[in-house]
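Note that this is a predicted model, so its numbers are computed, not measured. Residue numbers start at 1 and run along the sequence shown.
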Amino acid sequence: MTNKRIMITTLLLLVALTVSACGGGGGATSNQGSEGSSGSKDAEKTLRFATWDTGDSLKVQQDIAKLFEKQHPGVKVQIEPYADGFDQKLAASFGAGNPPDVMLMWDFPTYYTNLEPLDSFMSKDESLKLDDIYESLFNYVKVDGQTYGLPSGFTTRALYYNKKMFDDAGVPYPKDGWTWDDFKAAAKKLSNPAKKQYGFGIRTSNDPYDLQGIVWSNGGSFVSADGKEIEGQMNSPETAQAIQQFGDMLKDGSAALVGGKNQMSGDDVFKAGKIAMWESGVWPLEGFKTAKVDFGTVEMPVFPGKPVKGIVALSAISVAKQSKQKDLAWEFTKFFVSNEVIKMRSNSDLPIRKSLVQELKFDQNPLYVPFYNMLERSDNTPSFLLNSNWKLVNRYLTTAIDSVMLGENAQDALNAAVKDAKKYMDKK
């Protein structure tokens with residue numbers, strides 16, 4: 001009996017072990033099979049992301065992609081760095097019907113027909129926290145009332161000044177609310193052509209987009225509010241005066257042209273202490289710190305009796321209308337404007353979220369405050385958002401402005417630009 005009991009007990013144990021093994025192994029096999037199948041399937045999910053960034057900024061984008069992949073197992077973010085050829089490569093990809101799923105974007109009038117409207121995604125996704133994003137930035141990502149991208153970073157333009165050069169010349173530091181007359185008077189005192197030292201640096205080639213804030217501040221404009229007229233706008237006395245003042249500063253030696261071919265950039269000339277004031281976005285700020293330049297920033301000057309106006313340079317992120325994985329593309333888009341990612345990009349762009357600005361104390365940092373103050377003054381609409389042919393018109397405007405810097409009268413140059421460019425205003 002004893003042997004029989006032992007045999008029965010042994011058989012029962014074997015059966016139990018077998019059942020247990022089958023149950024556990026079956027489940028494990030099933031799970032592994034499911035995970036393996038899912039992993040294999042997810043591994044096939046490749047999200048293409050096009051960027052114009054290069055160098056250190058591209059490295060940041062790569063780190064962002066890795067973080068997204070970590071938080072979304074089975075997804076591979078394929079970065080496509082188009083660099084200086086961004087527009088050409090992006091346009092070609094749309095033309096070929098093979099665009100990236102998501103991409104950095106700023107030129108919405110040109111590309112919006114190829115982009116997915118995001119309003120429906122935004123309205124049903126409370127985690128996006130739209131109220132935390134500066135509202136005025138959405139003016140730059142909408143066409144005909146629809147939203148084609150999410151703001152991801154921005155800068156306004158302010159004035160950098162070299163404190164040591166001001167101290168050496170006995171000139172008080174500029175303050176918010178100072179006038180263009182104050183600015184020009186300071187620039188003269190800070191200039192010493194014999195030492196190749198100047199009060200202000202003016203770009204050899206100027207982008208009219210960047211100068212719009214100054215033109216608006218004088219009550220001028222490049223185009224009418226409805227985007228249909230440049231006559232009496234681009235060549236108005238107010239517009240001409242705003243441009244002429246820089247030509248005059250070059251003539252009287254209180255400013256110097258910088259950044260021409262085979263010349264140092266304006267940022268480098270400022271670092272070298274050869275210009276006391278430099279107008280720019282936030283981009284060179286960290287570089288000036290690294291170079292140990294003792295500098296401050298201040299809002300752009302005002303024209304007496306007129307409110308100062310600013311211009312925003314915005315970077316946004318968009319989804320291609322032809323993307324076959326729009327939900328995943330939206331996940332990346334939303335992730336790209338999260339505080340976690342914005343913080344990673346804060347060395348190249350200003351944060352778009354109010355909560356992050358407070359967390360980083362940018363709203364208390366005197367070097368950053370002028371840029372956010374200028375954002376509050378950036379309520380005008382840029383020309384390229386008002387007329388679909390603005391790129392054609394802009395060529396003539398650019399030539400006119402550059403000629404003013406080379407000595408031509410601003411009114412004459414702008415009159416000629418208007419005469420030559422008017423034919424493009426109504427062109428379909």
Side-chain angles (χ1 to χ4, degrees), residues 155-207 210-211 213-214 217 242-304 308 310 347 350 362 364-374 404-406:
T155 185
T156 53
R157 305 184 75 86
L159 206 71
Y160 295 85
Y161 60 94
N162 184 314
K163 290 183 177 179
K164 182 177 185 305
M165 293 179 72
F166 271 72
D167 290 341
D168 290 346
V171 177
Y173 298 155
K175 296 180 179 179
D176 293 344
W178 66 327
T179 69
W180 280 104
D181 287 339
D182 297 332
F183 164 84
K184 288 182 277 191
K188 276 188 178 178
K189 293 177 182 175
L190 290 157
S191 295
N192 186 344
K195 295 183 178 179
K196 295 185 178 181
Q197 174 183 309
Y198 300 91
F200 186 53
I202 298 175
R203 294 170 180 80
T204 300
S205 181
N206 290 275
D207 187 339
D210 299 333
L211 296 175
I214 299 169
S217 295
I243 304 297
Q244 183 65 56
Q245 64 179 348
F246 298 119
D248 291 343
M249 291 181 71
L250 290 166
K251 288 178 184 174
D252 69 20
S254 58
L257 287 175
V258 297
K261 188 176 182 181
N262 300 323
Q263 292 182 330
M264 293 171 68
S265 70
D267 291 357
D268 288 337
V269 178
F270 184 80
K271 288 179 189 174
K274 292 299 182 182
I275 53 174
M277 294 181 283
W278 179 234
E279 177 265 345
S280 183
V282 75
W283 309 292
L285 193 150
E286 289 299 323
F288 293 162
K289 284 184 184 177
T290 303
K292 301 189 183 304
V293 180
D294 187 11
F295 70 97
T297 60
V298 65
E299 291 180 28
M300 295 301 296
V302 303
F303 290 93
V308 65
N347 281 349
L350 289 170
F362 279 8
Q364 301 173 37
N365 186 324
L367 290 178
Y368 288 93
V369 166
F371 292 99
Y372 282 94
N373 287 345
M374 291 304 295
V404 174
M405 304 313 161
L406 295 175

Query raised in the report: So do Val302 and Trp180 actually touch side chain to side chain, heavy atoms under 4.5 Å?
Result: no

Requested in this report: Verify whether one side chain among Glu299 and Asn373 offers a donor that lies under 3.5 Å from an acceptor in the other.
Outcome: yes

**Report entry** Met374 side chain reached by Val308 side chain, heavy atoms, under 4.5 Å
**Finding:** yes

Query raised in the report: Is any side-chain N of the basic residue among Asp167 and Lys163 closer than 4.0 Å to the acidic one's carboxylate O?
Result: no

Query raised in the report: Side chains of Phe200 and Leu190: does their closest heavy-atom pair fall under 4.5 Å?
Result: no

Query raised in the report: Would you say Ser254's side chain and Lys188's backbone share a donor-acceptor pair under 3.5 angstrom?
Result: no

**Report entry** Minimal non-hydrogen separation, Ala272 against Met264, with atom names
**Finding:** CB-CE, 4.3 Å

Report task. Could you tell me whether Asp268 and Lys271 make a salt bridge, using a distance below 4.0 angstrom between a side-chain N and a carboxylate O? Result -> yes

**Report entry** Side-chain H-bond candidate by donor/acceptor type, Asp267 with Ser265, under 3.5 Å
**Finding:** no

**Report entry** Taking every non-hydrogen atom, the tightest pair across Gln245 and Ala242
**Finding:** CG-O, 3.1 Å

Report task. For residues Val282 and Leu350, report the shortest heavy-atom separation together with the two atoms involved. Result -> CG2-CD2, 3.8 Å

Report task. State the CE-CG distance between Met405 and Asn206, to the nearest 0.5 angstrom. Result -> 5.0 Å

Query - Min side-chain heavy-atom separation Met277-Phe183 under 4.5 Å - result: yes

Query raised in the report: Passes side chain to side chain contact (heavy atoms under 4.5 Å, CB included), Ile214 versus Phe246? Steps please.
Result: CA-CA 11 Å; Ile214 299 169; Phe246 298 119; 3.8 Å; yes

Query raised in the report: Has the side chain of Thr156 got a donor or acceptor atom that lies under 3.5 Å from a matching backbone atom of Phe371?
Result: yes

Requested in this report: Would you check, one step at a time, whether the test side chain to side chain contact (heavy atoms under 4.5 Å, CB included) holds for Phe270 with Asn162?
Outcome: CA-CA 8 Å; Phe270 184 80; Asn162 184 314; 4.1 Å; yes

**Report entry** Close side-chain approach of Trp278 to Phe295, heavy-atom, < 4.5 Å
**Finding:** no

Report task. Considering only NZ, NE, NH1 and NH2 on the basic side and carboxylate oxygens on the acidic side, decide whether Glu279 and Arg203 come within less than 4.0 Å. Result -> yes

**Report entry** Pairwise distance CG(Leu367) to OH(Tyr160) - rounded to 0.5 angstrom
**Finding:** 8.5 Å

Query - Residue pair Tyr161 / Thr297: nearest heavy atoms and the distance that separates them - result: CE2-N, 3.6 Å

Query - Minimum side-chain heavy-atom gap Pro193-Tyr198 below 4.5 Å - result: yes

Query raised in the report: Is any side-chain heavy atom of Tyr368 closer than 4.5 Å to a side-chain heavy atom of Leu285?
Result: yes

Report task. For Ile243 and Leu211, work out which heavy atoms get closest and say how close. Result -> CD1-CD1, 4.1 Å

Report task. Hey, could you give me the NZ/CG distance between Lys184 and Asp252, rounded to the nearest 0.5 Å? Result -> 9.5 Å

Requested in this report: Please indicate whether Lys164 has more than 12 foreign heavy atoms, meaning atoms of other residues, nucleotides or ligands, lying under 6.0 Å from its NZ.
Outcome: no

Report task. Could you tell me the separation between the CG atom of Asp168 and the CD atom of Gln197, rounded to the nearest 0.5 Å? Result -> 8.0 Å

Query raised in the report: If you look at every heavy atom in Ile202 and Ala255, which pair is closest and at what distance?
Result: CD1-CB, 3.8 Å

Report summary line: Rounding to 0.5 Å, atoms NZ (Lys175) and CG (Asp182) come to a distance of 11.0 Å

Query raised in the report: Got a second to check how far Arg157's CZ is from Ser280's OG, nearest 0.5 Å?
Result: 5.0 Å

Query - Any Thr204 side-chain heavy atom under 4.5 Å of Gln263 side chain - result: yes

